[in-house]
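Each remark here refers to the structure printed beneath this line.
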Amino acid sequence: MADIIDGKAIARQLDDRTKAEVDALVVAGKPRPGLTVILVGDDGASQVYVRRKIKGCEKVGIRSSEHRLPADTSQEDLLALIDQLNNDPEVHGILCQVPLPQHIDTRTVLGAISPEKDVDGFHPVNVGRLSTGTGGIVPCTPLGVMMLLETVIDDFVGKDAVVIGKSNIVGKPVAMLLLERECTVTVTHIYTENLPEIARKADIIVAAAGAPELVKGDWVKPGAVVIDVGITRIMGDDGKEKLVGDVKFDEVQHAKAVTPVPGGVGPMTIAVLLHNTAQAAKALSNGADEDADPYHDAPDRSLIYGTAEGAQAS
Ligand code: GUN
């Protein structure tokens with residue numbers, strides 16, 4: 001039976017560590033880390049995500065503020081707000097929720113956020129730093145994926161890793177992080193020929209294609225570690241809606257370990273955002289921390305629970 005990697009417990013552990021770091025900064029007389037979230041328009045899902053991020057801040061003692069702007073906000077006004085936040089010493093992290101309305105150029109807006117405050121890690125400077133292995137802020141979901149992998153893999157060197165999905169937000173940065181750990185990385189996507197065959201060779205599979213239950217049992221080598229980043233709402237056989245990942249969870253019990261959906265990668269994303277905000281505050285108030293090692297310094301391994309059967313029951 002595959003071990004289930006408990007993303008909720010690992011995220012809680014990371015939150016505890018972030019809270020301790022925030023408290024230590026305040027005790028040392030540094031400003032309390034502050035995150036500002038910008039939401040343009042009234043997309044329902046975005047509102048839910050933003051609410052969770054603000055709630056997360058409260059949990060770990062990060063100050064938060066929100067700018068909710070109408071859908072017809074001009075790009076010029078949005079850029080002026082970002083410029084103001086870039087220059088506000090009480091703001092250490094700036095997150096502009098995407099998708100943005102169509103009349104706004106997302107790349108221009110994300111590129112206007114100061115790289116030092118870009119807690120999403122989306123700015124081209126941070127993307128470049130990641131791809132050259134020279135630090136910077138690492139995007140939240142990919143860093144969360146690495147932290148989950150750290151709980152079940154002792155030695156990454158030479159491991160065969162297959163990433164399914166080539167998005168800028170997950171697939172590409174995860175591939176860079178795995179390369180940094182000396183894995184042999186194959187990046188694939190839904191148009192890749194012989195995808196099952198390629199996946200079958202992998203010691204590590206990161207499924208991030210946004211294709212519900214794409215990865216079948218016979219795509220997974222016995223003893224592989226499977227991280228499922230996908231999350232899609234589908235109609236179950238019983239006529240009720242359910243959330244599924246990119247992996248056919250019930251079929252991968254011969255894996256060494258697998259993340260459930262929900263409760264795997266999802267909870268890590270916000271926890272890493274809070275971690276990134278605390279790191280940004282530290283760097284902005286101290287100068288860069290030479291010893292910072294965001295993904296090698298992983299949560300402990302006691303947070304894997306039971307087997308797949310246990311996860312299904314809970
Ligand atoms: N929309 C959905 N996920 C994210 C995210 O992680 N960051 C931003 N900025 N927008 C999102």
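Whatever order the structure lists ligands and atoms in, that order sets their numbers, starting from 1.
- Residues V138 and N276 form no side-chain contact, since every pair of their non-hydrogen atoms from C-beta on lies 4.5 Å or further apart.
- A distance-only check finds a donor-acceptor pair linking the side chain of K216 to the backbone of E213 [under 3.5 Å].
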Would you give me the side-chain donor-acceptor pairs under 3.5 Å for residues 224-232, sequence neighbours excluded?
| unit_1 | atom_1 | unit_2 | atom_2 | d |
| --- | --- | --- | --- | --- |
| D228 | OD1 | G230 | N | 3.1 |
| D228 | OD1 | D246 | N | 2.8 |
| D228 | OD2 | D246 | N | 3.2 |
| D228 | OD2 | V247 | N | 3.1 |

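- At a heavy-atom cutoff of 4.0 Å, ligand 1 is surrounded by K53, L95, C96, Q97, V98, D120, F122.
- With D118 as reference, I113 is the one residue of I113, V125, V127 to meet the side-chain contact (heavy atoms from CB on, under 4.5 Å) rule.
- Of the possible polar contacts, one joining the H103 side chain to the T73 backbone as a donor-acceptor pair under 3.5 Å is found.
- Between E116 and R129 there is a salt bridge, since at least one side-chain N of the basic residue sits less than 4.0 Å from a carboxylate O of the acidic one.
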